[in-house]
Amino acid sequence: MTERKTMGLVAFWRKYERTCIQMGTILILCIPLIQPLGLPIPIGKHTRAFYNIVDSWGPETKLLCNFNIGVGAKGETTPSAIASFIHLFGNNVKIYIVGFEVDGVNVILEPEVLKYANPEDYGYVYGEDWCVLGYIPGGAVAMQTFATDIGFAVQYDKYGNKIEDLPMMQGVNGIDDFDYIMDVGADWIAKVITYWSDPYDKPYIIMGAAMGISKDLEPFFKTGQLTEYIAGIRHGAEYEQLIKRPGLASASIDCLTLGHSWVLILVVLSNIGLFMKGRGGGK
Amino acid sequence: MMKSLRDPTYSIMILAVTAILFIADFFVPFPALSYFVKQLGNWAIIFAAFAMAYGLLRVITRNVTKVMKPGGMNIYSIWILVIMLATFVTGVLGGSDSIIYKWIYQNIYSSLGATLMSFSFLYTVSAAVRVLRIKSTHTIVFSISCILCMLADIPSIGLVSPIFVPIQEWILGVASRGVYVAMYMSIALGMVLMGLRTMTGLERGWIGIREEDQ
Amino acid sequence: MVFPIMTAVHLILICGISLFAAWSIKEGKISPKFRSLAALEAIPEMIGRCVEMNRPLIYTVGMAELRTGYGMGSALPGFAIFGEVMSQSIDMGAEVLVIVNTPEHIPIMTSLMEDAFLLKGKEDEMDPDNIVFLGGGRFTQISGILSHMDKMKPGAFLFPGGCSSGDIIMYGEHATRLGALSMSGMTNTWCWPFLVSTYDYWLLGEDILAAGSILSDNPLLSSTVWSGDIYRYFLVAILLISVIATWAGVNVGGFFTV
C-alpha cells in the first residue's frame with residue numbers, strides 16, 4: 001500500500017514537476033508580502049565605495065546622468081536610482097539628465113523615480129540645479145554627437161525649454177565640461193566607454209544595473225574603465241541602508257533571500273532524487 | 001545598360017559608402033563630415049519609423065482578416081485592433097505627455113510588461129533545477145560553482161558565513177573573467193570582420209538571392 | 001579628444017590581414033579547414049524532426065535593430081542562417097513559421113523567403129501568412145512567441161538573433177516543455193548563461209558571427225574567418241609579450257591603449 005502510494009507520488013511529480021516548482025515559488029515569494037521578515041542587510045564593498053564617491057561630490061560637481069532604464073528592468077533598477085538621486089540632491093550636485101532610449105526619460109523618470117526623490121524637496125531649481133535634456137534618438141551616432149556638441153544633438157529639453165536658455169547649460173558644450181558620467185541601467189556601457197568616458201578621460205559610474213548584467217561589468221571594473229557600480233535590488237537595499245532611507249529595495253530583500261534559498265533547496269533535492277534514482281531507490 | 005534597381009550592387013555601394021563615412025567620422029571629427037553623418041543617422045531613424053508604419057499596416061491587415069474570417073469572431077484580434085487604435089489616436093492627438101496616453105502606458109503596458117517579466121523567474125527556477133543536476137564530471141564543477149555563486153547572492157549570507165562572498169568574487173573575478181574578456185575580444189573582432197564582409201559585398205545573407213545572380 | 005591611434009592601427013592591421021587571407025585563398029595557396037559547429041550541423045536534424053512529427057518549425061531573429069552594433073551583429077547571421085533553413089525546409093517539405101519583431105526585418109525576411117521558394121521553383125507553395133509581425137516591443141515578443149508556440153506546437157524552435165536576458169530563458173524552457181528541439185545564438189554576453197542552460201544547441205559570440213561564412217560555399221567568405229584567426233594569434237602574442245614585460249617591470253599597458 002505504501003509502495004503504491006509512493007509510486008503514485010512519484011508519477012504525480014514526474015507529470016507535474018514544473019507546475020509544482022512554479023506554484024511553490026509563487027507561494028514562497030508570497031510569505032514576505034504577508035509577514036515581512038526584516039532580515040538584516042550587510043553592506044557590500046561595491047555599495048560602500050559607490051556611496052563614498054557620491055558623498056565626496058558637492059555643489060561644484062557637474063554630473064551627466066545617462067538615464068536608460070527600460071520598462072522590463074525598472075523593478076530592479078529604480079530603487080537604486082531613487083536612493084542615488086536622494087543622495088545626490090542631498091549633496092547639491094548639479095545634475096544633467098539625458099536619455100538615449102525612449103522609455104527612460106519619457107516614461108520612467110518622473111512617475112517612478114522623481115516622484116520618490118523630488119528635487120524640489122531639496123531646494124533644487126529647474127534649469128539652475130538640475131535639467132532633463134530629454135530623449136535623443138539615434139543611438140551611438142547621437143551619443144557621439146552629444147559628446148562633441150550638445151547644442152547640435154539636442155535643441156530643446158524635455159519640457160520644451162531651449163537648451164541655450166537654461167542657466168546651467170552656459171559653458172557646457174560637450175562631455176569635457178562634465179566632471180562625472182553616471183549611467184542608470186548598464187545596457188549602454190560599451191557605448192558610454194567608447195564615446196564618452198575613454199576618449200575624454202572621465203570617471204564613469206553605474207547606478208542601478210540589472211543583476212543579470214552586473215557580472216559583465218566586472219571586466220570593465222577590473223581594467224579601471226568603470227570606476228564603480230551598484231547593481232540589482234540587493235545593492236539598492238544596501239545603498240538605502242547607507243543613506244538611512246529604507247525604500248522599495250529594502251522591502252524586496254526578504255523576497256530575494258527566500259527566492260534564492262528556495263532555488264538552492266530545489267537543486268539539492270533534485271540531485272538527491274537523481275542520486276537515489278541512480279541507486280535504484282525509485283522508478 | 002543600367003542594372004535593375006533590385007541589383008544588389010546598389011545596396012552594397014550605399015552600405016560601403018555609408019560605412020566608410022561613419023568610420024572616417026570616428027577617427028577624424030571634421031565638422032562638416034560630422035554634420036553629414038549625423039544627418040545620415042537621422043535618415044536611418046526615419047527609415048525605421050517608416051518600417052514601423054509598414055509593420056503597423058501588417059498587424060492591422062492580419063488581424064482584420066482574422067476578424068472577417070467566417071466561423072466565429074476572434075476576440076484577441078478585435079482587442080488588438082481596439083487597443084492599438086485607442087493608443088494611436090490618443091498619442092497622435094494628445095502627444096506622449098497627454099494624460100490618457102500616459103495612463104495607458106503606465107497602467108496597462110508597463111504593468112503587463114512587469115507581469116510578463118516576473119514570469120522569467122518562474123522559468124528560471126524550473127530551468128535551474130533541470131540544469132544543475134550532477135550527471136558527469138563537467139556538471140559537478142558547473143553545479144558546485146553555480147551553487148556557491150547563488151549562495152553568495154543571498155543578501156544575508158554574510159551573517160551566516162563570510163566565506164561565500166570571497167569565493168564568488170574569485171569565481172567571477174578570476175576563474176571566469178579571462179573567459180569573458182576573451183569572448184568580448186572575439187565578439188569585437190567578429191563584428192569588425194562581419195562589417196568588412198558586409199561592406200565588401202561578400203556577406204549577402206541580408207540581400208537574398210536574386211534571379212539575376214543565378 | 002585624443003585621436004585613437006591604436007584603434008586605427010588595429011583596424012588597418014585587420015584589413016591588411018583580411019586582404020592577405022583573401023589573396024592566399026583565391027590563389028589557392030591556402031585552404032583552411034574550420035571546426036564544425038554542432039548547432040549548424042543539427043539544422044537538418046531539426047527540420048527532419050519537424051517533418052516526421054508533422055509540426056512546423058518556428059524561426060525568429062528577435063529584436064535586433066539594424067542601426068545598433070549588437071543588433072547588426074545578431075541580425076545579419078540570423079538572416080544568413082534563415083536562408084539555409086528555408087532552403088533545407090523546402091527540400092524536406094517542412095512548414096516554417098517566421099516570427100518577426102523588428103519592423104526593419106519584415107521586408108528582408110519576406111524577400112529571403114520568396115527567393116528561397118523561387119530558387120527551388122516552388123513559389124506557389126509560399127504562404128505569406130507564415131510571416132508574423134508581433135509589433136516591435138519586448139513584451140509583445142514574449143507573449144507572441146509563447147502563444148505561437150502553444151498554438152502551433154513546433155517540432156523545432158530556432159532563435160539566432162537578439163534578445164534581452166530574461167526573455168531568452170522563457171522561450172527555451174517553453175520549447176523544452178513542448179518537446180521541441182531548440183537552437184539559439186547571440187552576441188549578447190548576458191544571455192549566454194540562459195542560452196546554455198535551456199537550449200539544446202547554441203552559437204555563442206564569434207560562432208554565430210562566422211555562421212554565415214561557414215554555411216556559404218564562397219571561399220572568400222571563409223577567408224575573413226581565417227583572417228580573424230590570424231589576428232587572434234597576433235593578439236595572443238601581444239598578450240604574452242605584455243605579461244612578460246609587466247613581470248619584468250616594464251609598463252606596456254599605456255602603449256597599447258593609446
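Heavy-atom pairs under 4.5 Å with chain B peak, among A:S270, A:A142, A:G44, at A:S270. Options B:Y180, B:Y123, B:Y109 differ in how many heavy-atom pairs under 4.5 Å they form with chain A, and the most are formed by B:Y180. The residue among B:I147, B:L151, B:L122 with the most heavy atom pairs within less than 4.5 Å of chain A is B:L122.
One distance of note links CG of A:D103 with OG of B:S110; it measures 8.0 Å at 0.5 Å rounding. Separating the CD atom in B:E169 from the NZ atom in A:K45 is a distance of 4.0 Å, to the nearest 0.5 Å. The CD1 atom of A:I253 lies 11.5 Å from the CD1 atom of B:I154; values are rounded to the nearest 0.5 Å. Distance OG/B:S118 to CD1/A:I26: 8.5 Å, rounded to 0.5 Å.
Of the atoms belonging to A:L264, it is side-chain heavy atoms, and not backbone ones, that fall under 4.5 Å from chain B. Residue A:Q144 touches chain B through its side chain alone, counting heavy-atom pairs closer than 4.5 Å. Heavy-atom distances place the side chain of A:T145, and not its backbone, under 4.5 Å from chain B. If you measure heavy-atom distances from B:I157 to chain A, you find no contacts under 4.5 Å at all. Only the side chain of A:E17 comes within less than 4.5 Å of a heavy atom in chain B; its backbone stays farther off. Residue A:F221: no heavy atom, backbone or side chain, is found under 4.5 Å from chain B. If you measure heavy-atom distances from B:Y35 to chain A, the contacts under 4.5 Å come from both the backbone and the side chain. For A:P40, the parts lying near chain B are the backbone and the side chain together; criterion is any non-hydrogen pair under 4.5 Å. In this structure, no portion of A:E76 lies under 4.5 Å from any heavy atom of chain B.
In this structure, the side chains of A:L29 and B:F121 come closer than 4.5 Å at one or more pairs of heavy atoms.
Across A:H260 and B:D153, no two heavy atoms sit closer than the pair NE2-CB, 3.6 Å. A:V107 and B:Q106 get closest at one heavy-atom pair: O-NE2, 4.0 Å. Heavy-atom minimum distance, A:F152 versus B:Q39: CZ-NE2, 4.2 Å. Between A:P42 and B:S156, the closest heavy-atom pair is CD-CA, 4.3 Å.
For A:L33, the CG atom counts as densely surrounded, since its 6.0 Å shell holds more than 12 non-hydrogen atoms of other residues, nucleotides or ligands. In this structure, B:I100 places its CD1 atom where only 12 or fewer heavy-atom neighbours from other residues, nucleotides or ligands lie under 6.0 Å away. Under a cut-off of 6.0 angstrom, the local environment of CD1 in B:I163 is sparse, with at most 12 non-hydrogen atoms contributed by other residues, nucleotides or ligands. Within a 6.0 Å sphere centred on CG of A:D201, other residues, nucleotides and ligands contribute 12 heavy atoms or fewer.
Contacts of B:D25 classified as side-chain hydrogen bond (donor to acceptor under 3.5 Å, both in side chains), with partners at least two apart in sequence or in another chain: B:S34.
Inspection of non-hydrogen atoms places B:V125, B:S126, B:A128, B:V129, B:R130, B:L132, B:R133, B:I134, B:K135 of residues 125-141 of chain B under 4.5 Å from chain A.
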